[in-house]
Protein chains: 2
Amino acid sequence: MEEIDRRIVALLARDGRMSFTDLARETGLSVSAVHQRVRRLEKRGVVRGYAAIVDHDAIGLPLTAFISIKPIDPAAPDDAPDRLAHLSAIEACHSVAGDESYILKVRVGSPVALEELLQQIRAAANVSTRTTVVLSTPYEHRAPDVTRGGESAGPDRPPAA
Amino acid sequence: MEEIDRRIVALLARDGRMSFTDLARETGLSVSAVHQRVRRLEKRGVVRGYAAIVDHDAIGLPLTAFISIKPIDPAAPDDAPDRLAHLSAIEACHSVAGDESYILKVRVGSPVALEELLQQIRAAANVSTRTTVVLSTPYEHRAPDVTRGGESAGPDRPPAA
DNA sequence: GGTGAAAAGCGACAGAG
DNA sequence: CTCTGTCGCTTTTCACC
């Protein structure tokens with residue numbers, strides 16, 4: 001992936017609805033050339049999709065928290081992500097190095113909802129939890145700086161969707 | 001905000017490029033009614049923007065980490081988010097309850113780049129750091145479940161952009 | 001709030017250099 | 001890989017309910 005593709009990715013990361021016409025203007029390419037490149041980036045999985053960034057306060061999920069989990073039985077098979085996937089309050093699940101095994105990012109409507117969620121997580125995955133409540137979010141969802149030579153992923157990755 | 005708006009937000013959270021025509025079909029409204037509602041949601045800040053979801057491996061940022069920071073001098077004014085905002089490797093900054101004051105989510109290209117970033121963070125904000133490296137990410141960026149009565153934010157919030 | 005139709009702009013595709 | 005051109009669809013605005 002080279003310069004122009006990185007530029008396209010950077011622009012779409014900042015504005016996922018930017019038109020092909022505008023992308024063409026910004027990159028100095030023709031509309032069809034840009035169209036071709038975007039479709040190729042989508043097919044390779046470099047662009048995995050597009051999402052609206054939503055104000056969680058406005059949709060009734062004002063409470064964000066990070067929940068670190070640790071298996072109660074370290075010998076049991078570790079399928080916590082699968083066991084937790086049905087809980088829609090969990091926005092992300094990261095396997096991490098360190099004392100705990102996963103960090104979950106969750107969004108709920110109230111402290112009581114958080115309490116219920118913690119019970120569900122402990123029951124579903126047989127884990128202990130450690131919760132860090134988010135008080136405010138100075139910034140989030142900042143677009144990455146795509147100004148580097150990142151050919152680490154190889155020429156053809158399988159599609160993500 | 002009621003039923004149809006929530007449906008629109010849910011659809012756009014899952015596919016930020018969905019056309020107004022498709023949104024109209026899914027909601028049973030006319031194209032112009034949907035258009036009107038989406039613009040209103042954007043203006044109210046319920047929809048804060050649109051972003052392409054990018055594969056960080058493919059753009060040369062395969063290493064994700066969470067960095068918890070704590071001020072060295074607890075008496076100093078706490079403007080860490082401002083002091084760190086110029087570091088583009090920082091994707092998010094959350095103020096949190098607990099032993100540390102902020103959790104940062106960062107994306108870098110290599111362990112060495114993480115080391116350099118940690119030095120920059122410590123120098124820029126006069127903080128100590130505790131880093132949790134992400135090994136893998138079973139899932140991330142899951143769209144929220146908008147199936148609730150979330151009028152908590154009030155009728156007219158100021159625009160975010 | 002909602003609709004439906006017209007005008008302007010954009011996306012998708014083909015063919016050529 | 002890029003350009004031009006065409007066609008059809010989408011977006012946007014308008015008058016009206």
Side-chain angles (χ1 to χ4, degrees), chain A residues 1-55 58-60 146 149-151 153-157 159-161, chain B residues 1-54 58-59 146 148-159 161:
Chain A
M1 187 170 65
E2 38 58 272
E3 183 55 26
I4 295 180
D5 278 343
R6 270 185 261 137
R7 188 101 146 269
I8 291 172
V9 170
L11 288 164
L12 285 176
R14 254 166 261 279
D15 178 6
R17 288 200 88 135
M18 183 172 283
S19 72
F20 289 80
T21 308
D22 289 344
L23 286 172
R25 206 191 328 281
E26 296 285 336
T27 55
L29 264 57
S30 70
V31 173
S32 17
V34 166
H35 182 260
Q36 196 174 213
R37 280 170 182 267
V38 170
R39 289 288 174 262
R40 204 185 53 189
L41 289 166
E42 289 172 356
K43 208 169 121 209
R44 284 187 184 170
V46 177
V47 172
R48 299 162 77 124
Y50 304 89
I53 298 171
V54 173
D55 180 354
I59 60 168
V146 197
E151 202 56 47
D156 48 6
R157 305 170 40 69
Chain B
M1 187 170 67
E2 38 59 273
E3 185 53 27
I4 294 180
D5 278 343
R6 269 186 260 137
R7 188 102 147 266
I8 290 173
V9 169
L11 289 164
L12 285 175
R14 256 165 262 276
D15 177 6
R17 290 200 86 138
M18 183 173 283
S19 72
F20 290 79
T21 308
D22 289 345
L23 286 172
R25 205 191 329 279
E26 296 285 335
T27 55
L29 265 57
S30 71
V31 173
S32 16
V34 167
H35 182 261
Q36 199 172 212
R37 279 169 181 266
V38 171
R39 290 289 173 259
R40 204 186 53 187
L41 289 166
E42 289 171 356
K43 206 169 124 211
R44 285 186 184 171
V46 177
V47 171
R48 299 162 77 125
Y50 303 89
I53 298 170
V54 172
I59 60 169
V146 197
R148 282 163 211 142
E151 202 56 50
S152 54
D156 48 6
R157 304 171 41 70

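On a predicted model such as this, the values are computed, not experimentally measured, just so you know.
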Inset, instruction - Please list residues of residues 28-40 of chain A whose heavy atoms come under 4.0 Å from any atom in DNA chain D, ordered by number; otherwise none. - result: A:Leu29, A:Ser30, A:Ser32, A:Ala33, A:Gln36, A:Arg37, A:Arg40
Legend entry - Side-chain heavy-atom pair A:Ile8, A:Ile4 within 4.5 angstrom cut-off: yes
Legend entry - First-last contacting nucleotides on DNA chain D - partner chain B, under 4.0 angstrom, heavy atom: D:dT10 to D:dT13
Inset, instruction - In whole angstrom, give the distance that lies between atom CZ of B:Phe20 and atom C1' of C:dG9. - result: 14 Å
Inset, instruction - Could you grab the distance from atom CZ of B:Arg25 to atom OG of B:Ser19, nearest 0.5 Å is fine? - result: 7.0 Å
Legend entry - Nearest-0.5 Å distance that lies between atom CZ in B:Arg44 and atom CG in B:Asp5: 7.0 Å
Inset, instruction - Return the minimal non-hydrogen interatomic distance between B:Ile53 and A:Ala51, and the atom names on each side. - result: CD1-CB, 4.0 Å
Legend entry - Of A:His35, A:Glu42, A:Arg40, the residue whose pairing with A:Val38 passes side-chain contact (heavy atoms from CB on, under 4.5 Å): A:Glu42
Inset, instruction - Provide the closest heavy-atom pair for B:Asp22 versus B:Met18 in the form atom of the first, atom of the second, distance. - result: CB-CG, 3.7 Å
Inset, instruction - Go ahead and write out DNA chain C as dot-bracket, 5' to 3': ( ) for pairs within the strand, [ ] for ones crossing earlier pairs, | when the partner sits on another strand, dots for unpaired; Watson-Crick or G-U wobble, both distances under 3.5 Å. - result: |.||||.|||.||||||
Legend entry - Minimal non-hydrogen separation, B:Ala33 against B:Leu29, with atom names: CB-CD2, 3.9 Å
Inset, instruction - Could you please spell out the steps behind the side-chain contact (heavy atoms from CB on, under 4.5 Å) verdict for A:Arg37 and A:Leu23? - result: CA-CA 11 Å; A:Arg37 280 170 182 267; A:Leu23 286 172; over 6 Å; no
Inset, instruction - Sticking with atom C1', work out how far D:dA15 lies from C:dG2, rounded to a whole angstrom. - result: 13 Å
Inset, instruction - Using the side-chain contact (heavy atoms from CB on, under 4.5 Å) rule, take A:Val54 and B:Leu12 through it: C-alpha gap first, then chi angles, then the decisive distance, then the call. - result: CA-CA 9 Å; A:Val54 173; B:Leu12 285 175; over 6 Å; no
Legend entry - Atom-pair distance (CG on B:Asp22; P on C:dG11), nearest Å: 15 Å
Legend entry - Heavy-atom closest pair, residues B:Ala58 and A:Val46: CB-CG2, 3.7 Å
